[in-house]
Amino acid sequence: QVRLVESGGDSVQAGGSLRLSCAASRDTDDAYYFGWFRQAPGKGRGLVAVIDAETTSRPYTQYAASVEGRFTISEDTARDIIYLQMNNVKPEDTGVYFCAARRKTKLTILSTMQEHYRIWGQGTQVTVSS
């Protein structure tokens, strides 16, 4: 099992930058896929970015179209921290950002669907003003 704690949420002006962190603490040596999802006010939760960086020679990432080219997901596997670097933020990026994990097995693949992620953090609030 792995536990996730997000941090770094803040209020920022449009065009600015922010970096979110997700600290993962685990009880076993299992590998995981990780993702960032967000929930805007009055809307459902949706994909931001996902990453496969464990037990692989080269990290693989996928992004929502709305953040492609502006956001970067990465993982410091030595420190067990998953980052979301947010650049050129827009008011529509406002929301609660959640870190999520999916255990990596021979039968699973990197997924952009939140239903495939069973482990979630408590979320961190990002507010972008115009």
Side-chain angles (χ1 to χ4, degrees):
Q1 185 76 327
V2 63
R3 291 172 297 280
L4 306 173
V5 178
E6 303 97 331
S7 61
D10 205 347
S11 296
V12 61
Q13 287 198 328
S17 296
L18 202 59
R19 189 176 77 163
L20 305 183
S21 299
C22 172
S25 57
R26 47 186 105 193
D27 301 325
T28 68
D29 292 331
D30 292 336
Y32 289 84
Y33 307 106
F34 292 97
W36 284 97
F37 297 82
R38 69 185 178 192
Q39 185 164 16
K43 297 185 178 180
R45 193 165 55 189
L47 169 74
V48 177
V50 293
I51 185 168
D52 175 9
E54 301 187 355
T55 67
T56 180
S57 58
R58 182 175 180 180
Y60 179 68
T61 58
Q62 290 183 276
Y63 295 89
S66 60
V67 307
E68 184 92 53
R70 299 188 297 122
F71 291 9
T72 302
I73 186 172
S74 62
E75 181 182 355
D76 184 336
T77 54
R79 299 177 62 198
D80 260 347
I81 301 176
I82 301 90
Y83 296 102
L84 183 69
Q85 178 66 43
M86 307 167 62
N87 296 330
N88 188 24
V89 295
K90 303 176 181 180
E92 51 264 41
D93 294 323
T94 293
V96 179
Y97 283 69
F98 297 91
C99 181
R102 182 187 196 199
R103 195 164 69 92
K104 191 172 182 179
T105 72
K106 294 180 181 179
L107 301 178
T108 59
I109 60 173
L110 183 64
S111 173
T112 58
M113 298 178 63
Q114 60 175 317
E115 293 80 7
H116 291 162
Y117 292 80
R118 301 290 184 88
I119 302 166
W120 293 83
Q122 83 289 348
T124 187
Q125 176 71 45
V126 173
T127 302
V128 182
S129 57
S130 57

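Quick caveat, the model's predicted, so the values are computed rather than measured. Residue indices begin at 1 and follow the sequence shown.
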- Message: Once you measure the plane-to-plane angle for Tyr117 and Trp120, does it fall in the parallel (<30°), tilted (30-60°) or perpendicular (>60°) bin?
- Response: perpendicular
- Task: Could you tell me how the ring of Tyr97 sits relative to the ring of Phe71: parallel (under 30°), tilted (30 to 60°) or perpendicular (over 60°)?
- Result: tilted
- Item | Atom of Ala24, atom of Leu4 and distance for their closest heavy-atom approach | CB-CD2, 3.8 Å
- Message: Keeping Arg3 on the side-chain end and Asp27 on the backbone end, is there a donor-acceptor pair under 3.5 Å?
- Response: no
- Item | Carboxylate-amine/guanidinium proximity below 4.0 Å for Arg70 and Glu92 | no
- Item | For Gly9 against Thr124, the heavy-atom pair lying closest together | N-OG1, 3.0 Å
- Item | Other residues, nucleotides, ligands: >12 heavy atoms within 6.0 Å of Arg118 CZ | no
- Between the main-chain N or O of Cys99 and the side-chain N or O of Glu6, is there a donor-acceptor pair closer than 3.5 Å? yes
- Item | Distance-minimising heavy-atom pair for Leu47 and Phe37 | CA-CD2, 3.5 Å
- Message: Give me the atom names and distance for the closest heavy-atom approach of Val2 to Ala101.
- Response: CG1-CB, 3.9 Å
- Of the non-hydrogen atoms in Val5 and Gln122, which two are nearest, and what is the gap between them? CA-OE1, 3.8 Å
- Query: Honestly, is Arg26 close enough over Tyr32, meaning NZ or CZ under 6.0 Å from the six-membered ring centre and within 45° of the axis?
  - Reply: no
- Message: Using only atom types and a distance under 3.5 Å, with no angle test, would you say the side chain of Gln62 pairs donor to acceptor with the backbone of Thr112?
- Response: no
- Give a yes or no answer on whether the side chain of Thr94 reaches the backbone of Pro91 with a donor-acceptor pair at less than 3.5 Å. yes
